[in-house]
Trainee: 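Sharing a structure, written as structure tokens. Questions coming.
Counting starts at 1 for both ligands and their atoms, in listed order. Just so it is clear, the model here is predicted, and its values are computed rather than measured.
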Amino acid sequence: MKIAIVVGTRPEIIKMSPIIKACRERRIDHFILHTGQHYSYNLDSVFFSDLGLPQPKYNLEVGSGTHAEITGRAMTGIERVLAKEKPTCLLVEGDTDSVLAGALAAAKTGIRVGHVEAGLRSYDRRMPEEINRRLADHISDYLFAPTIKSRKILEEENVPGKIFVTGNTIVDAVNQSLEAATKKSAIVDSLGLEKSGYFLATVHRQENVDDRKNIARILESLEAVAGMDIPIVYPMHPRTGKMLEKFNLKSRADGIRNLKIVEPLSYLDFLSLEANARLILTDSGGIQEEACILKIPCVTLRSSTERPETVEVGGNAIAGLEAAAVVNCVHAMLRKKRTWKNPFGDGTAGRKIVRILRGSEMGLAS
Ligand code: UD1
Ligand code: UDP
């Protein structure tokens, strides 16, 4: 058995890290194939050092572009590596363009595909991620569903691959890094914040920030929340920074009192900021999960979520983008008791996935 582990963006590096570590522990032949969709130091290399990961064997350096450009360049490069390395299976994680490229390239060259975090659905077709995750699920041989709900979705769609409920590797990643974050990160102090005395915000979804009306609505919402006189710290994704410039909204964002915009942060710093926040406002998938795991109330700046488990356990409210609704959700979530249960598993998803793969691949080989 030989596993190709594909990563392309910040969340894939974080969520694949427990699988890479499990492969190393069990001495399973594997290699990391980075598409290079994310390449800036603070969206890429910093995570390899924070998470103690080896450097990728291949980096395709596909860079930025349209969806077709990223997917096409990544597919071509992945196909070339697969022809040379001849792995028995390839793992992709999540819903990015790199995931679609990896799954397509492998499936068409007869290499078995494992989709980590399978069966998530927002039912919002405006999201490129919804297209990517649906397609990846339907061409994968192994579907690693984080929850029973995601397994049910896959069963209802009659996906041809084999489904396993494993939990989400984000729980493993949080567990593996939280102590180091607590010990090593001084970010709360260095930003002049007090524990539980600030809100943390992130916004980067294409349907939110590439649309002038929506990004303006988000600024209005952040301004309204900042009016509660609690500082908001906002590590800004480069896509959002680029769009604020394009729509001439940068100075508007910079002028919001109590809103502190900073560069994207390392995992240890970001985890520390999450764990000590009073509340998190986000449109990120992974951050909705981490907030839920860390028992920090979350308000999601979207009209849907592919992580409904976070809402069902009481850790997340789906606010949409309008300021009044966002402020109402913030108040409601601040009143919540933080007693909900983490719905994403016990932090052993990485090991389970590797164990399942080993069992299945050995069975197929014999
Ligand atoms: C991608 C994923 C998204 C994921 C996010 C994680 C897709 C369709 N989208 O979105 O699902 O939530 O990654 O953060 O795959 N840029 C840089 N440096 C980089 C990478 C990008 O400055 O290292 C800038 C470029 O201006 C680029 C823009 O960010 O055009 C968007 O990058 P892209 O990779 O296309 O999408 P993300 O918004 O990062
Ligand atoms: N993250 C980080 N630094 C930041 C912002 C996010 O380390 O400045 C981490 C965060 O802890 C989570 C992941 O990046 O694990 C989420 O990535 P993102 O929001 O970019 O993508 P999504 O999860 O929405 O696909």
Side-chain angles (χ1 to χ4, degrees), residues 7-18 34-47 50-51 59 61-71 73-74 92-102 117 120 122 126-133 135-136 168-174 176-178 181 185 187 200-210 233-246 261-275 277 280 282-291 293-294 296 300-302 305-307:
V7 297
T9 68
R10 164 168 80 184
E12 293 162 73
I13 302 167
I14 296 167
K15 286 179 170 176
M16 279 297 200
S17 68
H34 195 326
T35 64
Q37 179 176 344
H38 280 181
Y39 46 84
S40 298
Y41 173 77
N42 56 10
L43 291 186
D44 174 20
S45 306
V46 70
F47 296 101
D50 263 10
L51 294 160
N59 190 321
E61 297 182 357
V62 301
S64 300
T66 64
H67 293 292
E69 283 166 349
I70 294 174
T71 311
R73 289 197 289 260
V92 288
E93 192 288 324
D95 50 25
T96 67
D97 290 341
S98 296
V99 167
L100 179 59
E117 210 178 48
L120 275 63
S122 67
R126 291 173 311 158
M127 299 178 71
E129 292 85 358
E130 181 73 358
I131 316 282
N132 292 340
R133 60 171 84 98
L135 292 172
N168 194 310
T169 58
I170 194 65
V171 182
D172 318 22
V174 168
Q176 287 165 15
S177 293
L178 193 56
S185 172
I187 190 79
L200 174 63
T202 80
V203 180
H204 77 285
R205 295 251 87 81
Q206 178 183 302
E207 66 280 5
N208 273 350
V209 305
D210 285 24
V233 56
Y234 179 178
M236 187 176 281
H237 191 288
R239 174 191 281 275
T240 313
K242 190 168 79 175
M243 288 302 152
L244 286 175
E245 299 275 3
K246 179 177 166 189
I261 298 173
V262 298
E263 291 294 311
L265 296 167
S266 73
Y267 193 49
L268 297 188
D269 280 344
F270 193 77
L271 207 49
S272 171
L273 271 190
E274 285 184 297
I280 296 176
T282 193
D283 66 0
S284 157
I287 296 169
Q288 289 176 65
E289 292 160 353
E290 286 170 343
I293 294 160
L294 294 164
I296 306 299
T300 295
L301 303 174
R302 289 174 45 188
T305 182
E306 56 292 309
R307 275 92 176 168

Trainee: What part of Ser40, side chain, backbone, both or neither, has a heavy atom within less than 4.0 angstrom of ligand 1?
Mentor: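 For Ser40, the contact with ligand 1 is made by both the backbone and the side chain.
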Trainee: Ser266: heavy atom below 4.0 Å from ligand 2, yes or no?
Mentor: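 It does; at least one heavy atom falls under 4.0 Å.
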Trainee: Side chain, backbone, both or neither: which part of Lys242 has a heavy atom under 4.0 Å from ligand 1?
Mentor: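 The side chain, only.
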Trainee: List every atom of ligand 2 that sits less than 4.0 Å from any heavy atom of Pro235, numbering the atoms from 1 in the order shown and giving each element.
Mentor: 8 (O)
Trainee: Would you check the N or O atoms of Tyr39, main chain and side chain alike, for any that come under 3.5 Å of an N or O of ligand 1?
Mentor: yes
Trainee: Heavy atoms only, cut-off 4.0 Å: how does Glu290 contact ligand 2, side chain, backbone, both, or neither?
Mentor: side chain
Trainee: Looking at Ile70, which atoms of ligand 1 are within less than 4.0 Å of one of its heavy atoms?
Mentor: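 The list of qualifying atoms is 35 (O).
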Trainee: Need the ligand 2 atom indices (1-based, order shown) with element for anything under 4.0 Å from a heavy-atom of Leu265.
Mentor: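 Reading through ligand 2 atom by atom, the close ones are 2 (C), 3 (N), 4 (C), 7 (O), 8 (O).
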Trainee: Yes or no: does Gln206 have any heavy atom under 4.0 Å from an atom of ligand 1?
Mentor: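 Gln206: no contact with ligand 1 (<4.0 Å).
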Trainee: Non-hydrogen atoms of Ile14 versus ligand 2: any pair closer than 4.0 Å?
Mentor: yes
Trainee: Give the contacting part of Glu129 toward ligand 1: side chain, backbone, both or neither, where contact means a heavy-atom distance below 4.0 Å.
Mentor: side chain
Trainee: Using a strict 4.0 Å cut-off to heavy atoms of Glu274, name the atoms of ligand 2 that fall inside it.
Mentor: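 Every atom of ligand 2 under 4.0 Å from some heavy atom of Glu274: 11 (O).
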Trainee: For ligand 2, which atoms, with element, lie under 4.0 Å from some heavy atom of Ser284?
Mentor: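 Those of ligand 2 that fall under 4.0 Å from Ser284 are 16 (C), 18 (P), 19 (O), 22 (P), 23 (O), 24 (O).
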Trainee: If you measure every N or O of Asp97 against every N or O of ligand 1, does any of those distances drop under 3.5 Å?
Mentor: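 Yes, since at least one N or O of Asp97 sits under 3.5 Å from an N or O of ligand 1.
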Trainee: I want to know if ligand 1 touches Arg205 in the polar sense, i.e. an N/O pair below 3.5 angstrom.
Mentor: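 Arg205 vs ligand 1: N/O contact under 3.5 Å present.
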Trainee: Using non-hydrogen atoms of the residue, decide whether Leu43 is closer than 4.0 angstrom to ligand 1.
Mentor: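 In this structure, Leu43 qualifies as a contact of ligand 1 - some heavy atom is under 4.0 Å.
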Trainee: Find all atoms of ligand 2 within a distance of less than 4.0 Å from any non-hydrogen atom belonging to Arg205, and give their numbers and elements.
Mentor: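 Taking each heavy atom of Arg205 in turn, ligand 2 has 24 (O), 25 (O) under 4.0 Å.
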Trainee: Below 4.0 Å from ligand 1: does a non-hydrogen atom of Val99 turn up there or not?
Mentor: no
Trainee: Only heavy atoms count here, so choose which of His67, His237, Met127 is nearest to atom 37 (P) of ligand 1.
Mentor: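 Nearest option to atom 37 (P) of ligand 1, by heavy atoms: His237.
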Trainee: Please could you name the atoms of ligand 2 that Gly286 approaches to less than 4.0 Å, counting only its heavy atoms?
Mentor: 22 (P), 23 (O)
Trainee: With a 4.0 Å heavy-atom cut-off (strictly under), which part of Ser284 contacts ligand 1: side chain, backbone, both or neither?
Mentor: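 Under 4.0 Å from ligand 1, Ser284 contributes no heavy atoms.
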Trainee: Below the 3.5 angstrom mark, is there an N/O of His237, backbone or side chain, next to an N/O of ligand 2?
Mentor: no
Trainee: So is Pro11 polar-close to ligand 2, meaning N/O to N/O under 3.5 Å?
Mentor: no
Trainee: Going by the atom numbers of ligand 2, which of them fall below 4.0 Å from some non-hydrogen atom of Pro264?
Mentor: 8 (O)
Trainee: Regarding Glu129 and Arg205, does a basic nitrogen lie under 4.0 Å from an acidic carboxylate oxygen?
Mentor: yes
